[in-house]
Structure formats: C-alpha cells, structure tokens
Amino acid sequence: MAARAFDAVLCDFDGVLKFSDLEQQAEIERAYGVEPGTVARVTGQSALVVPALTGLVTREEWLASAVPVLAGLVGSAARASALTADWLAARTWADEEVLALLTRARARVPVVLVSNATSELAAHLRELELQNAFDHVVSSYDVGVAKPDARIFEIAAGRAGVPARRCLFVDDRAENVAAAVALGMTGVVYRAPADLETALLPLFEEAP
C-alpha cells in the first residue's frame, strides 16, 4: 500500500467536474454565422475577463464588454447578445464518476473546490445540485485572486486546515498544477477520471 502524501483534496470545477456541451455550442455559433470557438475566444480576450474572475466586475459586465466585437461579426448588438445568451444556455453537466470519487475521498479528508469563477458560481453549483458536495468552496471571485496565483492555493489549504504540502491539487490546466506543485502540493493534471482515481488510491486503500 502506497503512503498517502496528502490530507486534503483541492479540486478544480470546469474541465474536471463540470462540463459544457461543446458540440451544441458549436451548432449555436454556426447558426449565427460564426466559426465554432468564436464566443470563447472573444470573451476570453476581453480586458474584463480577469476583473470578472477576481470580483471587480460582474459576469454580466464582462460578457457585455464582448458584445461590440461579436456585433461586428453577427451584424448587430442585439444578435451578439442573443448569440452569447444562447451559447451560455448550452447543456452542462457534472461528471458522475468524478463526483463519486470526490464523495469517497470526502469521507476520509476535506475536499475543497478551487475555481476561477465569476459571480455565478453559486448559481451553477445549485443548478447541478452540487452546493453540498464540498467541505469548502474557494472562488476566485470571492477571494479576489485567481489561479495560478499562489495566494488562492494558500487560501484553499487554509480552508482545508492542512499545510499546502499535505494537499492534493487536481486541475485540467497544467499551469495551475505547476503553481500548486511549486508550493509543495501533490499535483495531478486531469485528463480523465482514471487520473483522479489513481491519485486517490492511497486514500481509498487505507483501513477504515
């Protein structure tokens, strides 16, 4: 039995637990006459994306900042707003396999959600019935700092009540995992549920 290197699990949200229907979003964009990936690209290039993730502006203000650029692609501000709304309304879901693994882990150690999020994170958790799935939720919007800044990992470790070096951090972005590892955390770059399961095996193999 491998020795356990952690006493808390810190887990990302989008790309690990929550997923969006990318094909549906692509169909919506094609229906408006733009290439798939356009909305994500334009909103991601907005000057307000970081302020939206660190509590300085709302999600609505951030998305509105992208409307003029999208309007130039779809013909009007009204169509740009409609495109954004339709794109955001695409189906989302929680990965049940990942949720089951985190639930098993939570029976042994604290599990903390660590998300670069907008003002809507709490609403998204409720929509997916995940509002009670974690011991703590650390949202960049609430704490004013976003991954990969070291401070958000330190805050999350503090909420878990363990030193950073005793945390397992799971994220689908390698740069975020690298930042956590630099603090002494055990890091997992997530690609599939098997990655999380393998990381949690030392915990699961312990005697009750």
Side-chain angles (χ1 to χ4, degrees), residues 6 8-20 25 39-66 84 87-88 90 92-95 98-99 102 105-106 109-191 196:
F6 56 88
V9 176
L10 314 183
C11 186
D12 181 35
F13 190 40
D14 290 278
V16 176
L17 181 56
K18 175 200 168 192
F19 292 87
S20 299
Q25 289 179 332
V39 176
R41 175 178 57 81
V42 172
T43 56
Q45 291 174 347
S46 166
L48 293 187
V49 63
V50 173
L53 293 175
T54 53
L56 298 177
V57 301
T58 66
R59 179 173 181 252
E60 290 73 19
E61 290 171 317
W62 163 46
L63 295 173
S65 72
T84 303
W87 187 86
L88 290 170
T92 61
W93 67 92
D95 188 304
V98 171
L99 181 59
L102 293 175
R106 193 179 175 198
V109 299
V111 174
V112 181
L113 186 71
V114 187
S115 178
N116 281 357
T118 67
S119 52
E120 299 299 303
L121 178 60
H124 292 160
L125 290 172
R126 289 193 299 270
E127 289 167 6
L128 296 173
E129 299 183 350
L130 296 174
Q131 66 271 28
N132 298 314
F134 309 95
D135 293 290
H136 303 280
V137 173
V138 176
S139 164
S140 64
Y141 185 87
D142 292 332
V143 301
V145 62
K147 296 177 290 187
D149 192 299
R151 288 173 291 173
I152 194 168
F153 302 110
E154 292 167 347
I155 291 168
R159 299 277 177 87
V162 303
R165 60 182 174 77
R166 297 298 301 173
C167 292
L168 172 72
F169 177 71
V170 184
D171 198 295
D172 64 318
R173 292 184 176 273
E175 63 270 26
N176 294 338
V177 174
V181 170
L183 286 176
M185 295 184 179
T186 300
V188 175
V189 179
Y190 180 89
R191 294 291 177 263
L196 178 60

[X] side chain vs [Y] backbone, donor-acceptor pair below 3.5 Å:
X	Y	answer
W93	K18	no
H136	R159	yes
S140	A117	yes

- request: Decide yes or no on side-chain contact (heavy atoms from CB on, under 4.5 Å) for L130 and L99, but give the supporting numbers first.
  value: CA-CA 9 Å; L130 296 174; L99 181 59; 3.8 Å; yes
query: Is any side-chain heavy atom of L10 closer than 4.5 Å to a side-chain heavy atom of V138?
result: no
message: Is there a side-chain contact (heavy atoms from CB on, under 4.5 Å) between R166 and F6? Walk through the geometry before answering.
response: CA-CA 4 Å; R166 297 298 301 173; F6 56 88; 5.6 Å; no
field: salt bridge (Lys or Arg N to Asp or Glu O under 4.0 Å) between R191 and D172, worked out
entry: CA-CA 6 Å; R191 294 291 177 263; D172 64 318; 5.8 Å; no
Heavy-atom pair of closest approach, residues [X] and [Y]:
X	Y	answer
E61	T58	OE1-N, 2.8 Å
A8	A160	CB-CB, 3.7 Å
H124	F13	CB-CE2, 4.4 Å
D95	V16	CB-O, 4.3 Å
V109	D135	O-OD2, 4.1 Å
L113	F134	CD1-CZ, 3.8 Å

field: Over 12 non-hydrogen atoms of neighbours within 6.0 angstrom of CZ in R165
entry: no
message: If you count every heavy atom of other residues, nucleotides or ligands that lies below 6.0 Å from Q45 atom CD, does the total exceed 12?
response: yes
query: If you measure only the distance, is there a donor-acceptor pair under 3.5 Å linking the side chains of S20 and T92?
result: no
- request: Check the pair S46 / S65 against side chain to side chain donor-acceptor pair (under 3.5 Å), numbers first and verdict last.
  value: CA-CA 7 Å; S46 166; S65 72; 2.6 Å; yes
task: Go through the steps for D12 and K147 under the test salt bridge (Lys or Arg N to Asp or Glu O under 4.0 Å), then give the verdict.
output: CA-CA 10 Å; D12 181 35; K147 296 177 290 187; 2.8 Å; yes
Nearest 0.5 Å, what's the [atom1]-[atom2] distance between [X] and [Y]?
X	Y	atom1	atom2	answer
R59	T43	CZ	OG1	10.0 Å
D14	N116	CG	CG	9.5 Å
L196	L102	CG	CG	5.5 Å
S115	I152	OG	CD1	8.0 Å

message: Quick one, C11 with V112, criterion side-chain contact (heavy atoms from CB on, under 4.5 Å). Give me CA distance, side-chain angles, the key distance, then yes/no.
response: CA-CA 6 Å; C11 186; V112 181; over 6 Å; no
task: Anything under 30° is parallel, anything over 60° is perpendicular, the rest tilted; go ahead and classify F169 against F153.
output: perpendicular
field: Salt bridge flag under 4.0 Å for residues R173 and D171
entry: no
query: Of T186, V188, L168, which is the lone residue that meets side-chain contact (heavy atoms from CB on, under 4.5 Å) with V9?
result: L168
- request: Please report the C-alpha distance between S119 and Y141 in whole Å, then the side-chain angles of each, then the deciding distance to 0.1 Å, and finally whether the side-chain contact (heavy atoms from CB on, under 4.5 Å) criterion is met.
  value: CA-CA 6 Å; S119 52; Y141 185 87; 3.5 Å; yes
